[in-house]
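Before any comments, here is the structure.
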Amino acid sequence: MNMSGGRERLVVIGGDAAGMSAASQARRLRGPDELEIVAFERGHFTSYSACGIPYWVGGDVGERDDLIARSPEEHRTRAIDLRMRTEVTEIDVAGKRVRARDVDSGAESWTSYDKLVIGTGARPIRPDMPGADAPGVHGVQTLDDGQALLDTLARTRGRRAVVVGAGYIGVEMAEALINRGYEVTVVNRGSEPMSTLDPDMGRLVHKAMEGLGITMVNDAAVTKVLTGQDGRVRAVATEDAEYPADVVILGIGVRPETGLARAAGLPVGGHGGLLTDLAMRVRGHEDIWAGGDCVEVLNLVSGQEQYIPLGTHANKHGQVIGTNVGGGYATFPGVVGTAVSKVCDLEIARTGLREKDALRVGLQFETVTIESTSRAGYYPGASPMTVKMLAERRTGRLLGVQIVGREGAGKRVDIAAVALTANMTAEQMTALDLGYAPPFSPVWDPVLVAARKAAAKVRAF
Ligand SMILES: Cc1cc2nc3c(=O)[nH]c(=O)nc-3n(C[C@H](O)[C@H](O)[C@H](O)COP(=O)(O)OP(=O)(O)OC[C@H]3O[C@@H](n4cnc5c(N)ncnc54)[C@H](O)[C@@H]3O)c2cc1C
């Protein structure tokens with residue numbers, strides 16, 4: 001009950017992973033007689049998986065609606081008053097109310113809250129350069145973006161695609177377009193693709209992408225998008241060259257969508273994300289919570305705040321927020337920086353710190369890189385795998401792992417994620433009782449081989 005004796009009102013801004021997980025969990029814990037839930041979403045969809053867009057575009061997933069976990073109607077049947085196509089334009093913290101605008105009619109109104117959840121997500125970075133908005137240039141942030149891209153692909157006769165950016169979204173989109181029969185060029189500002197890996201591991205991804213027929217252009221910043229007489233994209237230009245394109249995909253990262261929160265005076269960190277406490281409550285604000293791509297997270301290995309916009313965190317944040325708003329107690333302690341992705345049959349995974357992260361926080365460490373196989377060498381289908389491990393000098397504490405390989409490589413990183421969470425040393429990891437049979441791994445799992453070598457190397461200090 002609120003102070004006036006009526007039922008409390010929870011207002012949620014943002015209808016995707018963080019916002020609707022929070023709303024759904026709060027509803028599980030408190031019925032409509034106790035808690036009214038009003039959620040605002042400015043787009044057309046709720047609880048959708050942007051993570052699935054590359055696989056939908058590439059044809060692995062058949063229908064757009066397969067990516068929607070819960071529609072607005074389904075949320076409404078759970079007594080959540082969901083206001084679609086309605087954008088929150090102001091948060092009045094002192095007055096405990098939000099101003100919202102109907103995107104179609106422009107009509108505005110205020111809604112008061114007892115508790116507020118901010119789940120506004122992230123905004124894709126759009127390069128400030130000529131031609132960036134030309135027809136044929138696409139982002140892939142939302143389901144609408146995915147549909148617009150598919151419409152363009154269906155209309156376009158040419159088969160040349162340029163992907164700008166070689167982070168995980170860029171490489172996943174390169175795969176999607178290869179699967180659709182396009183000639184794909186990836187233009188990347190960094191020295192190697194996948195800057196979430198160390199460059200030596202990124203180099204393996206680079207080589208494998210070339211092996212798949214993808215043209216990789218590294219150390220190249222796109223300066224403009226060139227258009228033809230019809231106004232459509234015809235090429236992407238860097239300072240040194242032009243790359244002909246019938247379609248261009250932008251995958252150059254996102255920033256936290258925190259304009260509203262900043263204007264309301266809520267605290268943001270050095271990476272531009274909202275700052276929260278362990279319960280995901282916005283610091284210094286008893287009745288306001290935030291989660292997902294609009295917040296910074298604590299990296300448990302470096303001890304520093306970081307911006308890691310991933311759906312896996314957004315869903316957990318929402319669950320924690322909903323539990324707390326619903327009268328329970330839950331915390332989100334932080335992350336170890338685990339991520340996995342793939343390009344065709346090449347699996348790419350990382351957790352913990354890269355070399356440059358460890359150096360930045362002043363850690364002294366050793367690295368080892370080993371080659372092994374996904375299965376016993378004699379078992380059919382065994383494929384090569386490279387594992388890189390960082391461990392702290394003297395203590396031997398595990399600091400990070402990166403893995404590049406084929407089937408069975410990517411999810412092996414979870415062993416290291418658990419070890420990092422448990423603050424294990426490389427030596428302790430060597431004794432882990434992992435499952436073994438020839439079809440699943442060599443008798444010494446590749447991660448354990450790396451741990452054994454890392455343990456030996458740090459013992460020297
Ligand atoms: C192509 C792609 C692939 C991805 N793959 C993976 C993956 O494999 N693994 C992984 O962990 N993550 C992945 N992600 C990231 C993941 O999708 C996001 O981390 C996740 O969607 C974040 O959820 P969120 O609820 O915080 O934000 P969002 O999903 O961005 O949702 C925020 C919502 O808030 C709405 N909104 C914003 N401001 C307002 C306002 N003022 N008023 C009303 N509504 C508002 C927006 O319209 C949006 O619907 C991928 C993302 C993309 C784009």
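For ligands, and for the atoms within them, numbers begin at 1 and follow the listed sequence.
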Can you list the ligand 1 atoms lying under 4.0 Å from a non-hydrogen atom of Ala50? 1 (C), 2 (C), 3 (C), 17 (O), 51 (C), 52 (C), 53 (C)
Would you mind listing which atoms of ligand 1 come within a distance below 4.0 Å of any non-hydrogen atom of Gln141? 53 (C)
Among Gly14, Ala39, Gly119, which residue places a heavy atom closest to atom 32 (C) of ligand 1? Gly119
Is the shortest distance from a heavy atom of Phe45 to ligand 1 less than 4.0 Å? no
Indicate, as side chain, backbone, both or neither, the part of Thr142 found under 4.0 angstrom from ligand 1 when only non-hydrogen atoms are considered. neither
Given Gly318, Gly121, Ser341, which has its nearest heavy atom closest to atom 27 (O) of ligand 1? Gly121
Working to the nearest 0.5 Å, report the span between CD1 of Ile214 and SG of Cys344. 5.5 Å
Would you mind running through ligand 1 and noting each atom that sits below 4.0 Å from a heavy atom of Arg42? 36 (N), 37 (C), 38 (N), 39 (C), 43 (C), 44 (N), 45 (C), 47 (O)
Short list, please: which atoms of ligand 1 are under 4.0 Å from a heavy atom of Val140? 1 (C), 53 (C)
Criterion side chain to side chain contact (heavy atoms under 4.5 Å, CB included) against Tyr243, the qualifying member of Thr185, Thr215, Val164: Thr185
So which atom in Ala261 and which in Leu274 form the shortest heavy-atom distance, rounded to 0.1 Å? CB-CD2, 3.7 Å
Between side-chain atoms of residues 124-134 and protein atoms elsewhere (two or more places apart, or another chain), which donor-acceptor pairs fall under 3.5 Å?
| from | atom 1 | to | atom 2 | distance (Å) |
| --- | --- | --- | --- | --- |
| Arg126 | NH2 | Ala132 | O | 3.2 |
| Arg126 | NH2 | Asp133 | OD1 | 3.4 |

In ligand 1, which numbered atoms sit nearer than 4.0 Å to a non-hydrogen atom of Ala314? 22 (C), 23 (O), 26 (O)
If we only count heavy atoms from C-beta on, is the Thr111 to Val11 side-chain gap below 4.5 Å? yes
Check ligand 1 against Ala17 and write out every atom of the ligand that is under 4.0 Å from a heavy-atom position of the residue. 23 (O), 25 (O)
Provide, to 0.1 Å, the distance between atom 21 (O) of ligand 1 and the closest protein heavy atom, together with that atom's residue and name. Asp16 OD2, 3.4 Å
Nearest heavy atom to atom 10 (C) of ligand 1, choosing from Ser49, Gly146, Gly311, Ser21, belongs to Gly311
Point-to-point distance, once rounded to the nearest 0.5 Å, from CG of Asp219 to OG of Ser191: 5.5 Å
Examine ligand 1 and decide if any of its atoms is less than 4.0 Å from a heavy atom belonging to Thr86. yes
